[in-house]
Amino acid sequence: MDSLATVPGRNGSWVQDRILLGMTFPVYLRSLWTPFNVVCTAILAVGLPLLVYRFAAGLGATTNLSQTQPWGLWIGFDMMTGIALAAGGFTIGATVEIFGLDEYHPIERPAILTGFLGYMLAVIGLVADLGKPWNMIGIFSNNGTQSVLFEVAWCVACYSTVLLLEFSVPFFEWLGWERFYRPLKKALLGLTVLSVMFSTMHQSALGSLFIIAPGKLHPLWYSGQIFLFFFISAVIAGICMVIVESTLSHRIFSEQFEGQHVDVDKLTLGLAKAGAVVMFAYFFLKLQGVIDNHALGLIGVGFYGKWWLLEMLGFVLLPSLMFAWGARNRHVTVVRVAAVLGVVGIVVNRLNVSVVAYNYNQSVRYWPSWMEISVSLALVVAGILAFRWIVNRMPVLRPMKGHAGEH
Amino acid sequence: MKLGRRTFLKVAGASGTAALVSLPSPSQARGRVPVAGEEERSVLVDTTLCVGCRGCEAACAEANKLPDPPSDEKAFAAQRTTGPECFTVVNRGEKADGGPRFVKRQCMHCVEPACASACPVRALDKLSTGPVAYDGSKCMGCRYCMVACPFSVPKYQYDKAIPLVRKCTFCSGRQAEGKEPACIGVCPSGALAYGTRGKLVEEARRRVFGNPDKYTQHIYGEHEAGGTNWMYITDVSFEKLGFEVAVNDNSYPKLVRGALGVPPVVMTLWPPLLMGLWAFSHRNGKDNGNGGNHG
């Protein structure tokens with residue numbers, strides 16, 4: 001009841017004000033009837049029941065996983081890619097809270113929200129993929145300290161908690177629970193330090209998972225330093241995702257920015273500068289990895305050689321140069337296209353390492369089943385809907401109404 | 001300030017020591033028989049003695065309550081791999097003169113198993129007596145063991161609603177009772193020699209190096225993956241018999257040791273480093289950035 005009391009004199013209409021966006025229930029329901037929502041509902045209506053079916057029928061009935069392909073789309077896309085694309089949370093968090101680049105403050109909360117939702121979906125995808133997910137608890141009690149997955153699991157659990165705490169600042173602000181959100185806001189610097197620490201460890205550890213499989217991962221992708229590649233590409237993913245996400249947000253939720261002086265174009269160009277440098281360095285670091293692995297001669301040879309070239313030239317070097325050119329010539333559209341290429345590049349890289357180039361010398365190749373694709377698609381749609389639901393209500397893109405004095 | 005400096009020295013000292021410890025020691029390269037695993041129960045498979053009767057397959061199926069193995073005709077039609085309901089297979093290869101050469105495959109029971117090191121819940125664990133044992137009640141089904149195993153041994157029950165990882169158990173239960181593994185006892189030709197690893201390596205060397213005209217001059221499993229409890233000798237090329245010849249000679253768990261050394265460094269170094277950067281970027285008395293246009 002404490003929460004209601006802090007909303008001045010509007011007890012009766014709290015739900016209408018905060019949940020139904022100021023509409024009455026019938027009006028709100030009618031407002032949901034849009035083509036976008038119909039498509040989303042259809043995707044969810046197929047994907048979510050399949051998630052339940054998977055546990056009733058088993059992995060064999062729902063996925064195309066095999067004895068030579070133990071990890072498929074749910075690990076390669078939902079887990080590996082989901083975590084990488086959620087890296088914007090710690091990247092922008094560090095930019096604002098630690099490096100003190102205050103002008104990026106308006107995109108910090110959406111980046112953290114994207115990160116939080118990304119982790120939630122990655123964890124759901126992981127639970128779907130595990131044979132006996134209820135035994136996950138053993139990670140915290142059985143001391144499997146020799147395993148990289150042990151490190152990944154601990155860090156993901158810790159970082160999800162940090163993201164939850166970071167996100168709870170706008171959440172409690174929305175509820176009007178000042179007693180909670182004020183101390184949390186003060187702790188934001190500490191939380192950001194933790195977020196960078198945990199992210200460094202598990203973003204890189206997701207790559208280290210494959211160090212133990214030297215004969216199985218194609219030499220162009222295998223490297224003893226793969227943890228460096230994964231960490232740096234996670235930073236790239238964070239930057240690219242923030243550009244894409246803020247562009248879309250400012251188109252779709254433009255009414256939320258009324259009265260705010262946020263120059264998204266300027267921020268985008270600034271991010272492009274950072275992205276250009278990091279991606280350029282990443283390109284040459286990857287090249288070094290290949291040389292180190294004595295695999296230089298494999299570049300361009302056969303399917304995997306060409307596929308590697310496409311990934312590195314089309315989705316790393318090209319967007320890097322586009323970022324640099326766009327930032328220099330103040331051409332925001334080029335930067336945005338480059339960011340999309342960068343995001344696709346991360347998806348391609350994570351899928352390459354965990355699925356495509358894994359067990360490359362086996363004759364039986366894996367292709368995800370329609371059910372695997374449906375579930376992955378449904379999780380992405382669920383994330384988008386959750387993002388929209390939250391930013392329409394909570395102070396993520398805009399300051400909280402009625403707290404104007406503070407902002 | 002004093003405390004800060006002392007803490008700093010401690011951190012610097014600890015990180016320096018950790019870096020030294022993690023350097024590979026040159027003595028590893030010189031090693032002959034690794035002392036580790038010498039007392040573990042092991043098997044030496046002499047493929048020149050195997051007659052391909054597949055009695056071991058039948059005994060394995062019986063001991064582990066698995067379905068009966070297929071008939072000879074079906075079994076030798078193609079190279080088979082082990083499966084979730086089949087822990088050992090005998091495959092047929094060819095000698096130079098066109099005659100058959102049979103080889104029994106199952107879990108190699110590495111001295112330092114990649115699968116057990118990869119298991120985050122320790123469902124797979126190396127017993128001091130030799131077997132790499134599996135406890136299904138701990139397994140969460142992440143299948144990282146399947147990714148990690150250089151011999152692709154662990155198999156998964158994809159068709160079960162509550163699935164398990166399945167592989168040869170080296171009859172760890174029977175061994176604990178003092179009995180030999182089921183497959184050993186039924187072998188009529190003496191192709192499977194059972195004993196401690198140290199003794200079997202000696203025996204393998206005696207046979208291989210004592211008969212250089214007969215045997216291929218290699219003991220598969222002596223060094224592969226850092227050494228395995230199942231070792232093989234033969235008179236044809238191991239590649240022809242379907243062995244994973246690209247397997248590293250080093251222990252697989254050691255491959256990730258460097259990467260696993262990163263977290264302690266990050267955990268000690270990042271917070272002070274980041275706070276230092278924060279202090280640096282706010283040195284002109286700027287506030288912490290939250291006074292901007294957004295909460």
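In what follows, every heavy atom counts, from backbone to side chain, and hydrogens, waters and symmetry copies are set aside. Numbers restart at 1 for each chain; the letters A, B, ... are given by sequence-line order, proteins then strands.
- Only the backbone of A:S66 comes within contact range of chain B, judged by heavy atoms closer than 4.5 Å.
- When every heavy atom of A:V353 is checked against every heavy atom of A:L217, the shortest pair comes out as O-CD1, 3.3 Å.
- Taking A:P214, A:P170, A:A57, A:A205 one by one and counting their heavy-atom pairs under 4.5 Å with chain B, the maximum is reached by A:P214.
- For B:L127, the side-chain contact (heavy atoms from CB on, under 4.5 Å) partners at least two apart in sequence or on another chain are B:T129, B:P131, B:A133, B:S172.
- In this structure, no portion of A:W154 lies under 4.5 Å from any heavy atom of chain B.
- Chosen from B:V247, B:V165, B:I162, the residue pairing most often with chain A at heavy-atom distances under 4.5 Å is B:I162.
- Relative ring orientation between A:H218 and A:W221 is described as perpendicular, the plane-to-plane angle rising above 60° on a 0-90° scale split at 30° and 60°.
- When heavy atoms are compared at a cutoff of 4.5 Å, A:S204 does not approach chain B at all.
- Proximity to chain B is limited to the backbone of A:Q69, based on heavy atoms less than 4.5 angstrom apart.
- Heavy-atom distances place the side chain of A:E151, and not its backbone, under 4.5 Å from chain B.
- Looking at A:L209, both its backbone and its side chain come within 4.5 Å of chain B, counting heavy atoms on both sides.
- Looking at A:F55, only its backbone comes within 4.5 Å of chain B, counting heavy atoms on both sides.
- Neither the backbone nor the side chain of B:T81 has a heavy atom closer than 4.5 Å to any heavy atom of chain A.
- Residues B:M231 and B:I219 come closest through the heavy atom pair CB-CG2, 4.3 Å.
- Between A:V396 and A:F171, every side-chain heavy-atom pair lies at or beyond the 4.5 Å cut-off.
- Under the 6.0 Å distance and 45° angle rule, B:R143 does not count as a cation-pi partner of B:Y158.
- Heavy-atom pairs under 4.5 Å with chain A were tallied for B:V262, B:D125, B:L255; the largest tally goes to B:L255.
- Annotation for B:Q79: atom CD counts as buried by contact number, over 12 foreign heavy atoms lying within 6.0 Å.
- In this structure, B:F243 and B:F238 have perpendicular ring planes: the angle between them is above 60°, well past the 30° mark.
- Residues A:E166 and A:F90 fail the side-chain proximity criterion, which asks for heavy atoms closer than 4.5 Å.
- Between chain A and the residues B:P150, B:C119, B:A116, B:A123, the largest count of heavy-atom pairs under 4.5 Å involves B:C119.
- Proximity to chain B (any heavy atom under 4.5 Å) is restricted, for A:Y358, to the side chain, taken from C-beta onward.
- Tested against B:E57 for a salt bridge (Lys or Arg N to Asp or Glu O under 4.0 Å), the candidates B:K74, B:R80, B:K104 yield a single pass: B:R80.
- A donor-acceptor pair under 3.5 Å links the side-chain atoms of A:K216 to the main chain of B:V147, judged by distance alone.
- Between chain A and the residues B:L277, B:L164, B:L273, the most heavy-atom pairs under 4.5 angstrom are made by B:L277.
- Among the candidates A:A94, A:G190, A:S147, the residue making the largest number of heavy-atom pairs closer than 4.5 Å to chain B is A:S147.
- Ranked by heavy-atom pairs under 4.5 Å with chain A, the first of B:Y252, B:Y156, B:Y144 is B:Y144.
- With a threshold of 4.5 angstrom between heavy atoms, B:A246 does not approach chain A through any atom at all.
- Looking at A:A56, only its backbone comes within 4.5 Å of chain B, counting heavy atoms on both sides.
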